[in-house]
Amino acid sequence: MDILTQIGKQIRTIRKEAKKTQADLAEATGLSDNYIALLERGKRSPSIETLDKIAKALNVPVGKLFIHRKERKAKVGRKKLTERLLEIFKKETPEKISLLLEIINALQKFEIAKKSR
């Protein structure tokens, strides 16, 4: 799948999650309904300014328009990942669980530090 199709699918997915129609998005961005439809089908190459307008209208960072579908599925599958972690923890010793929790805490601190830059 090419990048225009990926971006178009992302725009459509985020727009639908926001419970907005193509007409709603067109009105909020000053673009035409037809242009939004063409973008969502990957038939037009939006400028950076257009992507910025769309991201603002959908209340998301511009980067979210570029997230590949597989990455989004990982976020959607959070409940299954949590269940899997619980299954792993049930089989491990308290020492290993403690070590795993230390690693998770270290990763969280790293992510918080990275975001505050």
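Values below: all heavy atoms of this structure, side chains included; hydrogens, waters and symmetry mates excluded. In what follows, residues are counted from 1 in the order of the sequence shown.
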- Side chains of Leu58 and Ile54: closer than 4.5 Å at any heavy-atom pair?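 Yes, side chains in contact.
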
- Item | Sub-4.5 Å side-chain heavy-atom contact between Lys56 and Lys53 |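 No, side chains not in contact.
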
- Message: How close do Asp24 and Lys19 get, counting heavy atoms only, and between which atoms?
- Response: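 For Asp24 and Lys19, the tightest heavy-atom pair comes out as OD2-O, 4.4 Å.
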
- Task: For the pair Asp52 (side chain) and Glu49 (backbone), establish whether a donor and an acceptor sit closer than 3.5 Å, ignoring hydrogens and angles.
- Result: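 Answer holds: no.
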
- Task: Measure from the side-chain N and O atoms of Lys20 to the backbone N and O of Ala57, and report whether any donor-acceptor pair falls under 3.5 Å.
- Result: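 Yes.
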
From [X] atom [atom1] to [Y] atom [atom2], the distance as rounded to the nearest 0.5 Å:
{"X": "Ile3", "Y": "Phe66", "atom1": "CD1", "atom2": "CZ", "answer": "6.0 Å"}
{"X": "Thr5", "Y": "Lys43", "atom1": "OG1", "atom2": "NZ", "answer": "7.0 Å"}
{"X": "Leu51", "Y": "Lys64", "atom1": "CG", "atom2": "NZ", "answer": "15.0 Å"}
{"X": "Gln22", "Y": "Ser32", "atom1": "CD", "atom2": "OG", "answer": "10.0 Å"}

- Tell me, yes or no, whether the heavy-atom count around Ile48 atom CD1, taken from other residues, nucleotides or ligands under 6.0 Å, exceeds 12.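 Open: at most 12 neighbouring heavy atoms sit under 6.0 Å from CD1 of Ile48.
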
- Message: Taking atom CZ as the centre, does Arg44 end up with more than 12 heavy-atom neighbours from other residues, nucleotides or ligands that are less than 6.0 angstrom away?
- Response: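 Atom CZ in Arg44 is not crowded, with 12 or fewer foreign heavy atoms closer than 6.0 Å.
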
- Task: Tell me whether Leu38 is reachable from Leu4 by hopping between hydrophobic residues (I, L, V, M, F, W, Y) whose side-chain heavy atoms are closer than 4.5 Å.
- Result: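 No, separate clusters.
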
- Query: Between Leu31 and Leu25, does a side chain to side chain contact (heavy atoms under 4.5 Å, CB included) hold up when you go through it step by step?
  - Reply: CA-CA 8 Å; Leu31 303 168; Leu25 184 55; over 6 Å; no

- Query: Passes side chain to side chain contact (heavy atoms under 4.5 Å, CB included), Lys9 versus Glu40? Steps please.
  - Reply: CA-CA 6 Å; Lys9 285 186 176 196; Glu40 289 186 356; over 6 Å; no

- Item | Leu39 and Ile7: CA distance, side-chain angles, deciding distance, side chain to side chain contact (heavy atoms under 4.5 Å, CB included) verdict | CA-CA 8 Å; Leu39 282 177; Ile7 291 170; over 6 Å; no

